[in-house]
Amino acid sequence: MIQGGIKLEIPVKKSILEDNETIAARLKEKWEKTLVLNLMSSPGAGKTTLLEKTAEKLNGKLKMAVIEGDLATRIDAERIEKHGIPVIQINTGKGCHLNAKMVEEASLNLPAGIDILFIENVGNLVCPAEFSLGEDLRVILVSVPEGDEKPLKYPVIFRSASAFVINKVDLAPYVNFSIEKAKDNALGINSAMELFEVSCYTDAGLDEWISWLVEKRKEKK
Ligand code: MG
Ligand code: ZN
C-alpha cells in the first residue's frame, strides 16, 4: 500500500500472533499468584485422566482449577467436576488449539485464590505450540501406544516444554515402545525437560509428578 509516498507493509500473520502475546502477557500478570500449566498432547494420550489423578492425589492440598479445551462436549469437564474441582469448558468448534483470548474469557468465570490452574489444550501436537496462554509451564504428554518417535516428529512443541510425561507405561510390555528411546528422543530436542513415566491405571510415577507440581508451586510464590 502506498500512502503519501511511504510504502506501508501490513504484517498480517505477525500482528495476529502479537495480539495473542499481548493477551497472554495480561493473563500472566493476572495469574501472578497462580501456577499455570498448559497441558498438550495428541487426542487420547490421557490428559484428562492425569488431571483426575492429580486432583485425587493433591487431595485439596493445593486449590486446583481446570480450563478444559475441546472441540465439542463437556464430557471431560464433567469427569473433572466429579473430583470437586472447578472447571471452565471451552468448546472451540472447528478450532484445533486454544488461544489466549479464549482462555482470558474463560478465566473470568474461575473462582479467586487458585493455587494451581491446568489448561487442558485441544488434543493436537502442532499449532498449540504457537499460542501462549499466559502459562508458566508447558507439559507434553505422550502415551506408550503412540510410539517413541513422537518427540522427533513434533519437535517444535517439545522445544517449548518444561516437562514430558510418558503416560500409560503399564502398557509398555504389550506395544513396541521403548521408554528409554522416547526419553532420549525428547532430551535430544530439549535437554532441560523434566521427565515423568506414569500410569494413571497403576498410579506408577504419580508421586513424582505431584512432588514436581508442589515444588513448582512453591517457586512461584
Ligand atoms: Mg481430555
Ligand atoms: Zn490449531
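Numbering of ligands and ligand atoms starts at 1, following listing order. None of these values were measured; they are calculated from a predicted model.
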Salt bridge check, D184 against K181: does any charged N sit closer than 4.0 Å to a carboxylate O? no
I'd like to know if R26 pairs up with E29 as an ion pair, taking the criterion as any Lys NZ or Arg NE/NH1/NH2 lying under 4.0 Å from an Asp or Glu carboxylate oxygen. no
Please check if atom CD in E32 has more than 12 non-hydrogen atoms from other residues, nucleotides or ligands closer than 6.0 Å. no
What donor-acceptor contacts under 3.5 angstrom involve side-chain atoms of residues 190-199, with partners at least two apart or in another chain?
unit_1 : atom_1 : unit_2 : atom_2 : d
N190   : OD1    : A192   : N      : 3.0
N190   : ND2    : F158   : O      : 2.9
N190   : ND2    : R159   : O      : 3.2
N190   : ND2    : A161   : O      : 2.9
E197   : OE2    : K183   : NZ     : 2.6
S199   : OG     : D170   : OD1    : 2.7
S199   : OG     : Y201   : N      : 3.1
S199   : OG     : T202   : N      : 2.9
S199   : OG     : T202   : OG1    : 3.2

K63, K220, K33, M64 screened by side chain to side chain contact (heavy atoms under 4.5 Å, CB included) with D115, the one that passes: K63
Side chain to side chain contact (heavy atoms under 4.5 Å, CB included) partner of M40, the single match among I119, N121, V122: N121
Find out whether I80 and F118 are in side-chain contact, i.e. whether some heavy atom of one side chain is under 4.5 Å from a heavy atom of the other. no
Applying salt bridge (charged side-chain N to carboxylate O under 4.0 Å, His left out) to K82 and E78, what does each step give before you reach the verdict? CA-CA 6 Å; K82 284 194 182 132; E78 283 165 12; over 6 Å; no
Taking the Zn ion (ligand 2) as the centre, count the protein N/O/S atoms lying under 2.8 Å from it. 3
Give the total of protein N/O/S atoms at a distance below 2.8 Å from the Mg ion (ligand 1). 3
Salt bridge (Lys or Arg N to Asp or Glu O under 4.0 Å) partners for D70, two or more places apart: none
